[in-house]
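Quick note on labels: first sequence line is chain A, next is B, and so on, each numbered from 1. All heavy atoms count here, side chains included; hydrogens, waters and symmetry mates do not.
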Amino acid sequence: MRDIPTTYDQKQEPEIYAAWEDSGYFNPDNLSGEPFTIVMPPPNATGTLHIGHAFEASIQDTVIRYKRMQGFKTLWLPGTDHAAIATNTKVEKILQKEEGKNRHDLGRETFVKKVEDYVTLSRGTIQKQLRTVGVSADWSREAFTFDEPRNLAVRTAFKKMFDAGLIYRGIRVINWDPKGQTSVSDDEVVYKAEKGKLYTFKYAKDFPIAIATTRPETKVGDVAVAVNPADKRYTKFVGQEFDVEFAGAKLKIKIVADASIDPEFGTGAVGVTPAHSVADFEISQRQNLPAPQIINEYAKMMDSAGPLVAGKKTKEAREIIVTWLTENNLLEKTEDIDQNISTAERSGGIIEPLPKLQWFIDVNKKFQHNGREATLKQLMQDAVKKDGIKIMPERFEKVYFHWIDNLRDWNISRQLWYGHRIPVWYCESGHTKVDIITPTLCKQCSSDTPVFGTPHDKAEKHSSIIAYVENTDGKILTINWGKLGGRLLVGGGIRENEDPVECASREITEETGYVDLEHVRTIKYSIVNNYFAASKNVWKKINITALHFRLRTNNQIKQKLEKNEQGKFIVEWEDIEALRKEIKDPAHAYILRLFANIPHSLKQDEDTLDTWFSSALWTFSTLGWPAETKDLKTYHPTSLMAPGYEILFFWVARMILMSTFLLDQIPFKLVYLHGIVRDAKGQKFSKSLDNGVDPVGVINQYGADALRMALMVGVGAGNDSKFDIQQVKGYRNFANKIWNASRFVLQNASDLPSPLAGEGGRRPDEGLLPEDQALLDEVQTLAKSITEKMDRYDFAHASEDLYHYFWHSFADKTIEAAKARLANPETKESTQRMLKESLETLLKLLHPFVPFVTEAIWQLEHKNLLMVEKWPAKREKK
RNA sequence: GGACGCUUAGCUCAGUUGGUUAGAGCGUCUCGUUUACACCGAGAAGGUCGAAGGUUCGAAUCCUUCAGCGUCCACCA
């Protein structure tokens, strides 16, 4: 009898995980076969694992493990999200609480540093927690939405869209969040039902038309009254202008006819407040009306609102104006109504529509795409209609199309400090520069003022600069450029570990790689950001410890560098003064000009990008884009995306937009939308309810397998589910059942000669009694049925079937019946073989769902990992 | 206002293209300590499938209407 403990101890899970991770099989470089890719929806870098994460991770891990066993080259790429707005808000709160300061007290740089420190501290917590769930993700490829490679992707994407005319800057009435002090996109606005009052009034006694509003305080910003052109009651007034004195403000109200007005509603006339209502702003554009702003970013009335309310909060102003209306006998009616107020999704602040200069992505603009005219909306529609993206469950496809139909231009700029800075620079002369790399000079200006010497300048003609960087290993990587004929030469074929002297000489003598100043900036960008252009499309990360310059005349290069190391000096890149001191030779004057004689310096746009802009690039920015890396070619389009349905618009739709536009590829083939995990009563988990469950605590108590089963069994795509700890307990018992059934088999079949069926040696059916063969056939039938369900992504039933078969057929019936047969020498061996083979097949089938306990058992008998065993049934052909 | 989803045993949910006595888990009850497991086994009770009407030889399943619950979208001043 083998000595195996009578209960499965989930405390060994971390050890098992370590064995998987150490095996290298999380990394597809160590696997072969057709690629199968999932890029993980990145949890917030500052977050901690909640049940929803555990659920999402379980789904993906189940798929990945299944596909890996089936022989796919599986990549599951993990990462975290910088979640600009959420993180920004979080740190501001901490700052307020601990130091009583706001971000402006610190200043941009200090604040951003503080946020980054905070992110560094908490980033990684969630990865550690994900490991406890058992995720078999390739940590070597881990990405962050706000690291350098992703920043390069963001800038590249922005520039490409800008160049295509799809990104524009303009003044629009946007959703302003006074609490978070930023604009937010339409999707980040959530409506809350509230009781409100509808006031019907006239601006002045002699004003001919009454209007209705729920926000009297905005009426001091009115410029017109709009009526339906077909409304006979008002036709005679259209075109007239009235000067009115309204609540202390002098207004000029024009009567205009606009088809958007519903004559049936209220008085059939609308007071138009262009600056503080999206709909009114549009009317004002059509009717050529001004848009005076009367509410500021802090939701306070501005001086332009008139002396009666200036400086007051909107709520106070409302009361003042209602009082004023009453006192002046202008208020005709006050009705109680149900209305929706707009709030900011993250901060909860009440949205104040304000006119602001912002960046937008134009979703309706036509552009050339593959020789055809298209809009971004069309690209998004086609991706699902005909380019092969499948959404599960299917009903969400309808939701998706409906969303696209109603989509307006996407406001992508945020007035936050933490996030990808908008890659746009402005110079004093008013030039705008959009670029991937950070420019230091205004190209338009500098083209008027050459920064380099003339081609005929002999001294300059024969000089060159070599710059090289040292990495931490003391290895030298070179970046060098020289100057020939007044043009700057940059080494195009920079080689790793190449001797700087050799490189410089080679570059110059071969006269390769003529480039302009732009390329110098590219190099500079790469150096500053620790990225090194090893060749045209390959970016390598290096650790720069020092940046060196050597100045030598061309013909002396080799000799001097070999012999005279005193020529070497170190400068800070931007430290022009240091450089000036070092460069004494007037022959190198042009170098000074390169750094010092800057015609117009550029200032970067203050705004940052909507966090979803960088998230939208996630499927390919994680694979190396914009470089055409091997990963990108191998793993994109990805196979599966499994987010919650609540981010279908925020994220899934935007990934489709970016991928189809930038790569001309769909980002993924299948979207499996999962539902929300609620508490046992069906309520959402929330801080205010304090009903949160810590999955790590659950795992510590009952094991990851139990948690995973509880989350997966019976939960279909798109369905919300309820989390009950009783269920987890039940599946912990199941894990123990697997353990003990296995224990029985191993203890009773250990004297059986290995290897077993199929693995060389005897044929599977050789010498098997018919009744045992029948049981094996039954398991095989199950394997087939499970495989079918897995291929349909029907984990709800696959897991349930396995649970049921293992417990109530294999354990309760097969094993029970085997007890007598094992005692009989006639039937013993056949029974042993049947038991062992059944068990092995069942363990394989169970592994994607309960990876730990199955692996633990497998390790009792095998050297190889169950994780990479072959799946026991053929793949469904499609 | 528009769209979608749900309503089946005490609870949580399955029920594929309509086909015999409607299933599972948990819970409840009864019995049981047989050398895999009490984190167990054997067994039992428990449902006129939200309501009404229709199609059909036959409806939990298809159609219509209604009710309740829920979600998303739009938002009218």
Checking contacts here: which listed nucleotide ([options]) is nearest the side-chain heavy atoms of [X]?
X: A:Gln727; options: B:rU12, B:rC75, B:rA36; answer: B:rU12
X: A:Lys398; options: B:rC4, B:rA77, B:rA36; answer: B:rC4
X: A:Arg395; options: B:rA24, B:rG5, B:rA36; answer: B:rG5
X: A:His804; options: B:rG25, B:rC75, B:rA77; answer: B:rG25
X: A:Val399; options: B:rU71, B:rA24, B:rC72; answer: B:rC72

- Could you spell out the base pairing of RNA chain B in dot-bracket, with Watson-Crick or G-U pairs whose two distances are under 3.5 Å, [ ] crossing and | to another strand? (((((((..((((.....[...)))).(((((.......))))).....(((((..]....))))))))))))....

- Task: Flag this pair as yes if the NZ/CZ of A:Lys202 is under 6.0 angstrom from the six-membered ring centre of A:Phe246 and inside a 45 degree cone about the axis; otherwise no.
- Result: no

- A:Lys333 to A:Phe201 six-membered ring, cation-pi geometry met (6.0 Å, 45°): no

- salt_bridge(A:Asp336, A:Lys195) N-O dist < 4.0 Å: no

Over how many whole Å does the gap from [X] atom [atom1] to [N] atom [atom2] extend?
X: A:His797; N: B:rG25; atom1: NE2; atom2: C1'; answer: 13 Å
X: A:Arg318; N: B:rA77; atom1: CZ; atom2: C1'; answer: 13 Å
X: A:Asp801; N: B:rG23; atom1: CG; atom2: C1'; answer: 12 Å
X: A:Asp187; N: B:rC73; atom1: CG; atom2: P; answer: 8 Å
X: A:Lys789; N: B:rU16; atom1: NZ; atom2: C1'; answer: 9 Å
X: A:Asp405; N: B:rA3; atom1: CG; atom2: C1'; answer: 12 Å
X: A:His402; N: B:rG1; atom1: NE2; atom2: P; answer: 16 Å
X: A:Asn406; N: B:rA74; atom1: CG; atom2: P; answer: 6 Å

Answer yes if the ring centres of [X] and [Y] are under 6.0 angstrom apart, and no otherwise.
X: A:Tyr805; Y: A:Phe810; value: no
X: A:Tyr400; Y: A:Phe396; value: no
X: A:Phe242; Y: A:Phe237; value: no

- Message: Ring-plane angle category for A:Tyr793 and A:Phe795, please: parallel below 30°, perpendicular beyond 60°, tilted otherwise.
- Response: perpendicular

Taking the same atom, [atom1], in [N] and in [M], what whole-Å distance lies between them?
N: B:rC76; M: B:rA59; atom1: C1'; value: 45 Å
N: B:rA44; M: B:rG23; atom1: P; value: 13 Å
N: B:rA60; M: B:rG2; atom1: P; value: 32 Å
N: B:rA14; M: B:rC57; atom1: C1'; value: 28 Å
N: B:rG47; M: B:rU34; atom1: C1'; value: 36 Å
N: B:rG25; M: B:rG54; atom1: C1'; value: 36 Å
N: B:rC73; M: B:rU65; atom1: P; value: 26 Å
N: B:rA22; M: B:rU16; atom1: C1'; value: 15 Å

Determine the contact category for [X]: base if any of its heavy atoms lies under 4.0 Å from a base atom, sugar-phosphate if only primed atoms, P, OP1 or OP2 are that close, otherwise nothing.
X: A:Thr214; result: sugar-phosphate
X: A:Ala269; result: nothing
X: A:Arg792; result: nothing
X: A:Glu264; result: nothing

- Which comes earlier along RNA chain B counting from the 5' end, the contact point of A:Val189 or that of A:Ile261, where each point is its nearest nucleotide? A:Val189

- Residue mapping more 5' on RNA chain B - nearest nucleotide basis, A:Asp812 or A:Lys819: A:Lys819

- Message: Once hydrogens and angles are ignored, does a donor-acceptor distance under 3.5 Å link the base of B:rA42 to the side chain of A:Glu816?
- Response: no

According to a strict under-4.0 Å criterion, is [X] in side-chain N/O contact with OP1 or OP2 of [N]?
X: A:Tyr191; N: B:rC75; value: yes
X: A:Trp807; N: B:rG41; value: yes
X: A:His808; N: B:rG25; value: yes
X: A:Asn719; N: B:rA14; value: yes
X: A:Lys722; N: B:rU12; value: yes

- Message: Are A:Ile4 and A:Leu860 packed together at the side-chain level, in the sense that at least one heavy-atom pair is separated by less than 4.5 angstrom?
- Response: yes

- Query: Do A:Met641 and A:Trp651 touch side chain to side chain, with heavy atoms closer than 4.5 Å?
  - Reply: yes

- Query: Is it the case that A:Asp9 and A:Trp739 place a side-chain donor and acceptor less than 3.5 Å from each other?
  - Reply: no

- Item | Interface residues of residues 729-741 of chain A with RNA chain B (non-hydrogen, below 4.0 angstrom) | A:Arg732, A:Asn733, A:Asn736, A:Lys737, A:Asn740, A:Ala741

- Report the C-alpha separation of A:Glu861 and A:Lys836 in whole Å, then their side-chain angles, then the decisive distance to 0.1 Å, and conclude whether the salt bridge (charged side-chain N to carboxylate O under 4.0 Å, His left out) test is met. CA-CA 11 Å; A:Glu861 286 275 294; A:Lys836 199 157 179 192; 2.8 Å; yes

- Task: Look at atom CZ of A:Arg408 and say whether more than 12 heavy atoms of other residues, nucleotides or ligands are closer to it than 6.0 Å.
- Result: no

